[in-house]
Amino acid sequence: MTFNYKLDHEVLIVSLDGRLDTEAAVKFETELAEVCKTNAHNALTVDAEKLEYIASSGLRTILKLAKTEKNFKVENVCSSVYSVFEMTGF
C-alpha cells in the first residue's frame with residue numbers, strides 16, 4: 001500500500017492506494033504520525049477511493065485516527081471496504 005498527502009487550507013488529506021493489511025498498517029501509522037507532526041492541520045481526511053482492502057489492523061489504525069484527530073473523516077470508500085466498515089460498526 002502507498003499513501004500520499006497534501007495540505008489544503010489546514011486540512012491534511014491522505015490518499016490511500018492498495019491494501020491496508022497488517023504490515024502496511026504498521027508502516028502507515030508510523031509514517032502518518034510523522035506527517036501529522038510536520039504539517040500543522042485542523043482536520044484530517046482519509047481519501048479511500050483507491051483502497052482495495054482493509055484488515056483489522058488497518059481498521060484499528062483508522063479508529064485510532066478518529067479518536068486522536070479533532071476533525072476526522074473518511075471519504076470515497078469503495079463498496080468492499082465500506083462493507084467491512086459497516087460489519088464492524090465503524
K50: salt bridge (charged side-chain N to carboxylate O under 4.0 Å, His left out) partners, not counting sequence neighbours:
none

Indicate if I13 and V74 have the same hydrophobic cluster label, given that clusters are the connected sets of ILVMFWY residues with side-chain heavy-atom separations under 4.5 angstrom.
no

Quick check on the hydrophobic clustering: are V14 and V11 connected, directly or via other members, by side-chain heavy-atom contacts under 4.5 Å?
no

N71 side chain to N42 main-chain N or O, any donor-acceptor pair under 3.5 Å?
yes

Give, for atom CZ of R19 and atom OG1 of T22, the distance between the pair rounded to the nearest 0.5 Å.
10.0 Å

Mind checking whether L20 and V26 sit in one hydrophobic cluster, side chains of I, L, V, M, F, W, Y counted as touching below 4.5 Å?
no

Heavy atoms from other residues, nucleotides or ligands near CZ of F3 exceed 12 (cutoff 6.0 Å):
yes

Determine, step by step, whether L16 and F28 satisfy the side-chain contact (heavy atoms from CB on, under 4.5 Å) criterion, reporting the C-alpha distance in whole Å, the side-chain angles of both residues, the deciding distance to 0.1 Å, and the verdict.
CA-CA 10 Å; L16 304 178; F28 172 62; 3.6 Å; yes

CG (D8) and CD (E10) are apart, to the nearest 0.5 Å, by 10.5 Å

Rounded to the nearest 0.5 Å, how far apart are CG of N76 and CG of D47?
4.5 Å

Is V77 reachable from Y53 through a run of I, L, V, M, F, W or Y residues, each pair having side-chain heavy atoms under 4.5 Å apart?
no

When you group the ILVMFWY residues by side-chain heavy-atom contacts below 4.5 Å and let the links chain together, are I54 and Y82 in the same group?
yes

dist S79:OG -> F85:CZ (nearest 0.5 Å) comes out at 12.5 Å

Spacing of NZ belonging to K64 relative to CD1 belonging to I62, to within rounding of 0.5 Å:
12.0 Å

Decide yes or no for E49 and E75: does some side-chain heavy atom of the first lie under 4.5 Å from some side-chain heavy atom of the second?
no

With heavy-atom distances below 4.5 Å as the criterion, would you say the side chains of E34 and T30 are in contact?
no

Return yes when atom CD of E31 has more than 12 non-hydrogen atoms of other residues, nucleotides or ligands closer than 6.0 Å, and no otherwise.
yes

If we ignore hydrogens and angles and just use 3.5 Å, is the side chain of D21 paired with the main-chain N or O of A24 as donor and acceptor?
yes

Should V46 and F72 count as side-chain neighbours, where that means a heavy-atom distance under 4.5 Å?
yes

What I'd like to find out is whether the side chain of L44 reaches to under 4.5 Å of the side chain of L65, using heavy atoms alone.
yes

Could you walk me through whether C36 and E69 pass side-chain contact (heavy atoms from CB on, under 4.5 Å), step by step?
CA-CA 10 Å; C36 288; E69 292 291 330; 4.0 Å; yes

Got D17 and M1 here, is their nearest side-chain heavy-atom distance under 4.5 Å?
no

For T88 and V84, the nearest pair of non-hydrogen atoms, with its separation, is OG1-O, 2.9 Å

